[in-house]
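Report on the structure given below.
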Amino acid sequence: MTYPASPSAGVSLPVPAAELDAADPLARFRSRFLEPEDGQVVAYLDGNSLGRPLAETAGRMGEFIGGEWGNRLIRSWDESWMDEPIRLGDRLGDVVLGAGPGQALVADSTSVMLYKLLRAALDGRPGRDEIVVDRDNFPTDRFLVEGIAAERGASIRWIDADPKAGVRPGDVAAVVGRRTAVVLLSHVAYRSGYLADAPAITALVHDAGALMLWDLCHSAGSVPLHLDQWGVDLAVGCTYKYLNGGPGAPAFGYVRAGLQAELQQPLWGWMGAHDPFGMSEQYRPADGLRRFLTGTPPILAMQPLKHMVELIAEAGMDAVREKSVLLTERAIALADGLLAPLGVGLASPRDPARRGSHITIEHPRFREVTAALWERGVIPDFRPPYGLRIGLSPLSTSFAELDAGMAAVRDALLEVS
Ligand SMILES: *Cc1c(COP(=O)(O)O)cnc(C)c1O
């Protein structure tokens, strides 16, 4: 991909993009991603919705199909696949989640995993009938809470947080109490990019005797996580966003070791049973983490994720975070310089310590602007009513790409205005 020479001319940025790219310790990882064909992509700013494929993935998928599948056939279940959900979960736990072994597993979709863990949490706190969630959480999260509340006769305690920021510890402290069974929040808000204070919120949820379930869809692979250290009970997340697992790649779930024996999830399938091949008459859950499985694990769909987790291990999550902060700082500086004069506002936190790896900017014409941008290979995404999200995947995005994308937003906005 090539970029216009100085798309940000006229804006006072302390350092030119080329200098930042030259000094970027992660720059070498960009070539590990599949290069789009000429003319397809000018700037990809939506890795927070669908991460780019790794270049090695096509070849390694071929090897997998010929080898483990084609040669070993059904024998691969015994040889490796049965353990894959937890083996890959362990690796993900080590590299990305800050979780010791035996607590993370890869299975289902995020929505299904969320249903299982949320219901397990509610059922695991008998005598408590409230689920706490915020009104600006991602739709599937809110809908699942509504469905479970209807199914179990529970109540929903809604948090109304500032949509340009997110849920703060004080917002949670104000609503949790003796009726609270479980609190569900997104660690990084899908709209504003607000990064919640996970350790503080988890601690005060525990003080109320409730369980904490974090949705990590927008933080896994972009923000260092320390689930064990933070005392998190439960977590779920996507693997197709910053973990580049590919469209519809399975979700991950995390269940704290000390909680596993006491919780039971509601989708009783043979893969979560005590002895899957015993073909027993009645369901008895497996000991430990396996009880959170339901059906046959999506082995084929886990393969690209395995490659990406190893890439992240090479780069290191702290380095990923450092670059992420530089990218979002620059995106905000470009928004202030190029777009604010055209009436564009920032709908994300200015404090990098409270921000994930995307920002949202707002303008009434952004729906049309997004359509025009997609046509010319500049790819952010649009979130109603007026939000343009600029997602910055630190391992695959360059500073020059960001500059080119933001200049294109300005040009498109000038054209529609
Ligand atoms: C992307 C995302 C999801 C997606 O759920 P799926 O079941 O994979 O469609 C759920 N929650 C949040 C917060 C997300 O950002």
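For ligands, and for the atoms within them, numbers begin at 1 and follow the listed sequence.
Contacts between Cys217 and ligand 1 below 4.0 angstrom, taking non-hydrogen atoms only, involve the side chain exclusively. By the criterion of a heavy-atom distance under 4.0 Å, the side chain of Asp215, and not its backbone, is placed next to ligand 1. No part of Leu114 comes within 4.0 Å of ligand 1, judged by heavy-atom distances.
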List the steps and the verdict of salt bridge (Lys or Arg N to Asp or Glu O under 4.0 Å) for Arg168 and Asp171.
CA-CA 5 Å; Arg168 291 156 306 170; Asp171 301 322; 3.1 Å; yes
Might you work through the side chain to side chain contact (heavy atoms under 4.5 Å, CB included) test for Phe366 and Phe382, ending with a clear yes or no?
CA-CA 7 Å; Phe366 270 163; Phe382 176 74; 4.0 Å; yes
Before you tell me yes or no, could you show the steps for Glu310 and Arg60 under salt bridge (Lys or Arg N to Asp or Glu O under 4.0 Å), namely the whole-Å CA-CA distance, both residues' side-chain angles and the distance that decides it to 0.1 Å?
CA-CA 13 Å; Glu310 294 315 318; Arg60 290 184 63 176; over 6 Å; no
Test log, rule side-chain hydrogen bond (donor to acceptor under 3.5 Å, both in side chains), inputs Arg72 and Ser80:
CA-CA 11 Å; Arg72 299 309 296 162; Ser80 69; over 6 Å; no
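Here the heavy atom of the protein found nearest to atom 3 (C) of ligand 1 is Phe138 CE2, 3.5 Å. Annotation: atom 6 (P) of ligand 1 to nearest protein heavy atom, Tyr240 OH, 3.5 Å. What sits closest to atom 7 (O) of ligand 1 on the protein, heavy atoms only, is Ser111 OG, 2.6 Å. Of the protein's heavy atoms, Thr110 CB, 3.4 Å lies nearest to atom 5 (O) of ligand 1. For atom 14 (C) of ligand 1, the nearest non-hydrogen atom of the protein is Lys241 NZ, 2.9 Å. Among all protein heavy atoms, the one lying closest to atom 11 (N) of ligand 1 is Asp141 OD1, 2.9 Å.
In this structure, Arg91 pairs ionically with Asp94, as a charged nitrogen and a carboxylate oxygen lie closer than 4.0 Å. At a threshold of 4.0 Å, the pair Arg330-Asp403 counts as salt-bridged, since one of the basic side-chain nitrogens sits closer than that to a carboxylate oxygen. The residues Asp336 and Arg350 are annotated as salt-bridged, a charged nitrogen and a carboxylate oxygen being separated by less than 4.0 angstrom.
Using a 4.5 Å heavy-atom threshold, the side chains of Lys241 and Cys217 count as touching.
Heavy-atom separations between Met113 and ligand 1 are all 4.0 Å or longer.
Residue Phe64 places its CZ atom among more than 12 non-hydrogen atoms of other residues, nucleotides or ligands, all under 6.0 Å distant.
Those atoms of ligand 1 with a heavy atom of Cys238 less than 4.0 angstrom away are 1 (C), 2 (C), 3 (C), 4 (C). For ligand 1, the atoms lying closer than 4.0 Å to a non-hydrogen atom of Ser186 are 13 (C). Every atom of ligand 1 with a heavy atom of His218 under 4.0 Å away is listed here by number and element: 15 (O).
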